[in-house]
Amino acid sequence: MTREQLPGRRSARSHRAVLESALALVREQGYAAVTIDGIASRAGVSKATIYRWWNHKSAILVEAFLTSVHPQIMFPDSGSAREDLVAQATSLARVLSDPVLGSLFVSLLGEARYDPDLATALRDGWQTPRRAAGVEVIERAMARNELPADTDPELVLDGVYGPLYLRLLFGHAPLDEPSLRQIVAQVFDGTGVGRG
């Protein structure tokens, strides 16, 4: 048996094929038209294989989305929390403005209102880790005196990312780097730290 024929490799290859097929189908057909049958056919796996790993289409698409965007939305550590937030928010805005990934994300958010499992998957896979990483950035800023010691990291994150998500959903204002830089500056300046 070669390495490629080992069951673990076959499973990893099938798993990756399912995720890639799911995103390709969203790209071609849109979220609503994607089915488990279509994903299985495109990936060259059985429906039983899919149901071994996921319990519904949305779970596949959440994982496909997260796997696809994770490397692009990591928080840097440049030594400046302002710059780190601007860089990460700009990367996030770029991902969420992508015609396929952005519309998939909005579709998943909409479906999550009616699907508790999907809501949990999004919270556990998207929001909780992103918030934890953001809190680390704010805590570093507090340790470096970029923000006051009594700053509430959660409120700073709400102040930065709330406008980003509103702009994504309603399209009423730009999501470009200068706009996000202005939002971050306003939030930081609102904490009482001098401009700079």
| query | Taking all non-hydrogen atoms of both residues, which atom of Gln72 and which atom of Ser91 are closest, and how far apart? | reply | O-CB, 3.1 Å
| task | Could you walk me through whether Leu25 and Thr35 pass the side chain to side chain contact (heavy atoms under 4.5 Å, CB included) test, one step at a time? | result | CA-CA 9 Å; Leu25 289 169; Thr35 64; over 6 Å; no
| request: Determine whether the side chains of Thr120 and Asp117 contain a donor N or O and an acceptor N or O closer than 3.5 Å. | output: no
| field | Arg42 bridged to Glu28 by N-O distance under 4.0 Å | value | yes
List the atom pairs, with distances to 0.1 Å, where a side-chain N or O of residues 163-173 and a protein N or O form a donor-acceptor pair under 3.5 Å, not counting sequence neighbours.
from, atom 1, to, atom 2, distance (Å)
Tyr165, OH, Trp126, NE1, 3.2
Arg167, NH1, Pro174, O, 2.7

| message | Do Val86 and Val135 sit in one hydrophobic cluster, given that two such residues count as connected whenever their side-chain heavy atoms are within less than 4.5 Å of each other, even indirectly? | response | yes
| Rounded to the nearest 0.5 Å, how far apart are NE2 of His70 and CZ of Phe65? | 12.5 Å
| request: First locate atom CD1 of Ile73, then atom OG1 of Thr90, and finally report the distance between them rounded to the nearest 0.5 Å. | output: 13.0 Å
| message | Determine whether a donor-acceptor pair (N or O, by modelled atom type, separation under 3.5 Å) exists between the side chain of Asp84 and the backbone of Ser78. | response | yes
| query | Does the side chain of Glu20 pick up a donor-acceptor pair with the side chain of His15 at under 3.5 Å? | reply | no
| field | Distance-only side-chain donor-acceptor flag, Ser11 / Ser14, under 3.5 Å | value | no
| said: To the closest 0.5 Å, what do you measure between CG (Leu104) and CG (Leu109)? | reply: 9.5 Å
| Step-by-step side chain to side chain contact (heavy atoms under 4.5 Å, CB included) determination, Gln182 to Glu177 | CA-CA 9 Å; Gln182 182 180 14; Glu177 191 265 344; over 6 Å; no
| request: Measure the CZ-CD distance between Arg130 and Gln127 for me, rounded to the nearest 0.5 Å. | output: 11.5 Å
| said: Give me the atom names and distance for the closest heavy-atom approach of Ile138 to Leu157. | reply: CG1-CD2, 4.2 Å
| Heavy-atom side-chain contact between Val18 and Trp54 under 4.5 Å | yes
| query | With distance as the sole test, does Ser41 use its side chain to make a donor-acceptor pair with the main-chain N or O of Gly38 at under 3.5 Å? | reply | no
| message | Given 3.5 Å as the limit, does a donor-acceptor pair link the side chain of Lys57 with the main chain of Tyr31, or not? | response | yes
| request: Could you verify whether a donor N or O on one side chain and an acceptor N or O on the other, from Arg94 and Ser97, lie under 3.5 Å apart? | output: no
| When you look at Asp98 and Phe105, which way does the side chain to side chain contact (heavy atoms under 4.5 Å, CB included) test go after all the steps? | CA-CA 10 Å; Asp98 177 85; Phe105 184 71; over 6 Å; no
| task | Could you check Thr128 against Arg131 for side chain to side chain donor-acceptor pair (under 3.5 Å), going step by step and ending with a plain yes or no? | result | CA-CA 5 Å; Thr128 300; Arg131 291 294 280 199; over 6 Å; no
